[in-house]
Amino acid sequence: MATSASSKLNKVVKQQYMKLPQGDKVQATYIWVDGSGEELRCKTRTLDCEPKTVEELPEWNFDGSSTYQSEGSNSDMFLIPVAMFRDPFRKDPNKLVLCEVLKYNRKPADTNQRHTSEKIMSMAKNNHPWFGMEQEYTLLGTDGHPFGWPSNGFPGPQGPYYCGVGANKAYGRDIVEAHYRACLYAGIQISGTNAEVMPAQWEFQVGPCEGIDMGDHLWIARFILHRVAEDFGVVASFDPKPISGNWNGAGCHTNFSTKEMREEGGLKVIEDAIERLGKRHKYHIQAYDPNGGLDNARRLTGHHETSNIDEFSAGVANRGASIRIPRTVAQEKKGYFEDRRPSANCDPYVVTEALVRTCILKEEGEKPMNYSK
């Protein structure tokens, strides 16, 4: 198994330095989405005291020409802090700081999806939209081979791995446990984790979160996963179909509800929302992966617990449908629904925004409405 050289460094020696007192200073790691729309970048600065609110954090900048976000002749980009979490790697009082990216003219960078999403969420705040996102991912060696798989072949067929226990069924649990605890420490609204259907594939769930918090918490949970995997010398991949053939892909199933859906008689509101989603299937497919549906085309085949990308479907307890209504929701006639179409590498700001636009703001057509006119 190919692991990174950094994983072989002596972590005990490192701890000798990490235990040194840092006085009144605070290390703040600024984190942002780069020009790919999928990858995260980070850098750290020293603050003179511990910030208590995100408003106390200073703006910063970076070289956008090295992150696919600007030309070298005009490369400065602005980092605007928008959310703050405890740092599970350096521990208190140090911070993880999620940032929006602005261009030189103070306009949102092309991959700054949070900016518009926050406006849409503010329009729907009286509906109290709740989200829960189920983030699937695959552990790989640095050579791209799935962690724990035979070097010259494949493991046994799918069946025993989902929620499996045992060295021959669960590959990489140490990484999963470390990530879970790090998220709890950071203040992420992480709600669970489990081994997935394909060996070396796992899932963690974040939520319920209201409004823009969903995207903030999931992006930082992803960052923490990348950092934990880095310490172990392996790679966490969000590719929606990392292994072709008879293996499950990776999604980011999104659970959604409004205040009305959660109240008595909410099932009718859920059914009305699903009807709207069915009429806007193409728009949602384009929004549910960062490449306009091309990534999901590899995953949404109608097989391996997915719907067909070209067809919209819904059903109770049906994991082969676009939209699944949990059986308990159908019985209690209130609750939430699960949109199973978003890919593992989706931008959570775009996915949650699309759901609010269609289900709450009742938009129609294949393009999002522009409310700034």
Chemist: Side chains of I80 and V101, heavy atoms from C-beta outward: is any pair under 4.5 Å?
Modeler: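 No, side chains not in contact.
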
Chemist: Please check if any side-chain donor atom of D239 sits under 3.5 Å from a side-chain acceptor atom of S237, or the reverse.
Modeler: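 On atom types as modelled, these side chains do not qualify, holding no pair under 3.5 Å.
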
Chemist: Using side-chain heavy atoms (C-beta onward) and a distance below 4.5 Å, is V350 in contact with P348?
Modeler: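 V350 vs P348: side chains apart.
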
Chemist: Do the side chains of M84 and I31 join up, straight or via other hydrophobic residues, at under 4.5 Å, putting them in one cluster?
Modeler: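 Result: no, two separate clusters.
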
Chemist: Does anything in residues 289-335 form a ring pair (Phe, Tyr, Trp, His ring centres under 6.0 Å)? List the pairs, not counting sequence neighbours.
Modeler: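 Listed by first then second residue: H281-F312.
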
Chemist: Can we say E263 and K259 salt-bridge, meaning some charged N sits less than 4.0 Å from an Asp/Glu carboxylate O?
Modeler: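 So E263 pairs with K259 through a salt bridge.
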
Chemist: Using the salt bridge (charged side-chain N to carboxylate O under 4.0 Å, His left out) rule, collect all pairs that involve residues 217-238, keeping only residues at least two apart or in two chains.
Modeler: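 Those involving residues 217-238 are R227-D231.
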
Chemist: Could you work out, with side chain to side chain contact (heavy atoms under 4.5 Å, CB included) as the rule, every residue matching R173, not counting sequence neighbours?
Modeler: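 Scan of R173 (side chain to side chain contact (heavy atoms under 4.5 Å, CB included), adjacent residues dropped) gives V165, A170, E177, W202.
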
Chemist: Parallel under 30°, tilted from 30 to 60°, perpendicular over 60°: which one fits the rings of Y349 and W219?
Modeler: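 Y349 vs W219 ring planes: tilted.
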
Chemist: Which heavy atom of P242 sits nearest to which heavy atom of M198, and what is that distance?
Modeler: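 That closest heavy-atom pairing would be CG-CE, 4.1 Å.
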
Chemist: Do D272 and R276 sit within salt-bridge range, that is, some charged N less than 4.0 Å from a carboxylate O?
Modeler: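 Result for this pair is no, no salt bridge flagged.
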
Chemist: For the residue pair G153 and H145, what are the closest heavy atoms and their distance?
Modeler: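 Scanning both residues completely, I find the closest heavy atoms to be O-CE1, 4.4 Å.
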
Chemist: Which pairs of donor and acceptor atoms, one on a side chain in residues 327-337, lie under 3.5 Å apart (sequence neighbours left out)?
Modeler:
from: K334; atom 1: NZ; to: E264; atom 2: OE2; distance (Å): 2.8

Chemist: Residues in salt bridge (charged side-chain N to carboxylate O under 4.0 Å, His left out) with D339, at least two apart?
Modeler: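 Once residues adjacent in sequence are excluded, the partners of D339 under the salt bridge (charged side-chain N to carboxylate O under 4.0 Å, His left out) criterion are R341.
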
Chemist: If we count only N and O atoms by modelled type, under 3.5 Å, do the side chains of R41 and T67 hold a donor and an acceptor together?
Modeler: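 Distance-only check fails for R41 and T67.
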
Chemist: Does the pair E136/R299 count as a salt bridge with the N-to-O cut at 4.0 Å?
Modeler: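 A salt bridge is absent here (no side-chain N lies under 4.0 Å from a carboxylate O).
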
Chemist: So, are D347 and R114 salt-bridged, with charged N and O less than 4.0 Å apart?
Modeler: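 Judged by the 4.0 Å cut-off on N to carboxylate O distance, D347 and R114 do not form a salt bridge.
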
Chemist: Just grab all the ring pair (Phe, Tyr, Trp, His ring centres under 6.0 Å) pairs involving residues 156-187, residues at least two apart or on different chains.
Modeler: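 Passing the test, one end in residues 156-187: H179-F204.
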
